[in-house]
Amino acid sequence: PFHYNKVAGRGGKRNQKAVDDLLFHKEIDGCKEAEDTMIDMHLLGATDAFIGKFSSNIDRVAYNLIFARTRAYQPYVSLDNTWCFDYGIKSRPDGVRNTNQE
């Protein structure tokens, strides 16, 4: 079944300003934002397949919830990257360097 939560706010102010600024100026409620995020992760984790972005921590948690529930990898489509535990962290291009060079 498809789940839609009319109460969860989407878009609006979030599309105009950074969330940090909205929280600082008390234009949005941080507790409500966290609650909505948890609901989103729970609903995504209750699916039989996954479509999302593996660059998103929320999406990776949701896919982990699917695995935890089914004890198996389920079909998925990542809209941006393959699974990566250190996404966004720069790795050294030369690998490990020998610090004892003479």
Side-chain angles (χ1 to χ4, degrees):
F2 180 78
H3 297 279
Y4 175 71
N5 185 354
K6 291 182 182 182
V7 179
R10 299 290 178 264
K13 292 180 181 181
R14 287 175 210 75
N15 291 341
Q16 306 301 321
K17 293 183 181 178
V19 172
D20 293 342
D21 292 336
L22 293 170
L23 289 168
F24 181 78
H25 295 291
K26 299 185 181 353
E27 294 182 47
I28 58 174
D29 179 4
C31 291
K32 178 73 171 119
E33 294 296 313
E35 180 183 14
D36 289 349
T37 300
M38 296 298 286
I39 290 170
D40 288 347
M41 284 192 297
H42 173 75
L43 291 174
L44 286 168
T47 61
D48 295 325
F50 181 79
I51 299 174
K53 295 182 175 183
F54 280 157
S55 63
S56 164
N57 288 330
I58 292 170
D59 289 0
R60 290 197 307 252
V61 168
Y63 191 70
N64 276 312
L65 290 172
I66 295 170
F67 180 86
R69 181 176 48 81
T70 63
R71 299 288 188 227
Y73 294 106
Q74 298 303 314
Y76 70 89
V77 173
S78 177
L79 301 174
D80 58 4
N81 294 304
T82 57
W83 185 274
C84 180
F85 291 101
D86 61 352
Y87 180 79
I89 298 174
K90 289 187 176 182
S91 297
R92 292 191 336 220
D94 61 346
V96 178
R97 294 182 184 180
N98 183 355
T99 58
N100 297 326
Q101 291 179 349
E102 295 179 23

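In this chain, numbering begins with 1 at the start of the sequence shown. Nothing here was measured: the structure is a model prediction, and the numbers come from that model.
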Visitor: Going by heavy atoms in the side chains, are Tyr76 and Ile51 under 4.5 Å from each other?
Guide: no
Visitor: Spell out, as yes or no, whether a donor-acceptor pair under 3.5 Å connects the side chain of Ser56 to the backbone of Asp59.
Guide: yes
Visitor: Can you list the residues that meet the ring pair (Phe, Tyr, Trp, His ring centres under 6.0 Å) rule with Phe67, with sequence neighbours excluded?
Guide: Tyr73
Visitor: Can you tell me how far the CG atom of Asn57 sits from the CE atom of Met41, to the nearest 0.5 Å?
Guide: 9.5 Å
Visitor: Between CZ of Arg60 and CG of Leu65, what distance do you get to the nearest 0.5 Å?
Guide: 13.5 Å
Visitor: Is the backbone of Asn64 close enough, under 3.5 Å, to the side chain of Arg69 for a donor and an acceptor to pair up by distance?
Guide: no
Visitor: Quick check: does any side chain N or O of Asn81 sit under 3.5 Å from a backbone N or O of Phe54, one acting as donor and the other as acceptor?
Guide: no
Visitor: Using every non-hydrogen atom in the two residues, find where Pro75 and Asp48 come nearest and quote the distance to one decimal.
Guide: CD-O, 3.7 Å
Visitor: Please confirm whether the backbone N or O of Ile58 pairs with a side-chain atom of Tyr63, one donor and one acceptor, at under 3.5 Å?
Guide: no
Visitor: Which distance, rounded to the nearest 0.5 Å, do you find between the NZ of Lys17 and the NE2 of His25?
Guide: 6.0 Å
Visitor: For Glu33 and Val19, what are the C-alpha separation, side-chain angles and deciding distance, and is it a side-chain contact (heavy atoms from CB on, under 4.5 Å)?
Guide: CA-CA 10 Å; Glu33 294 296 313; Val19 172; 5.6 Å; no
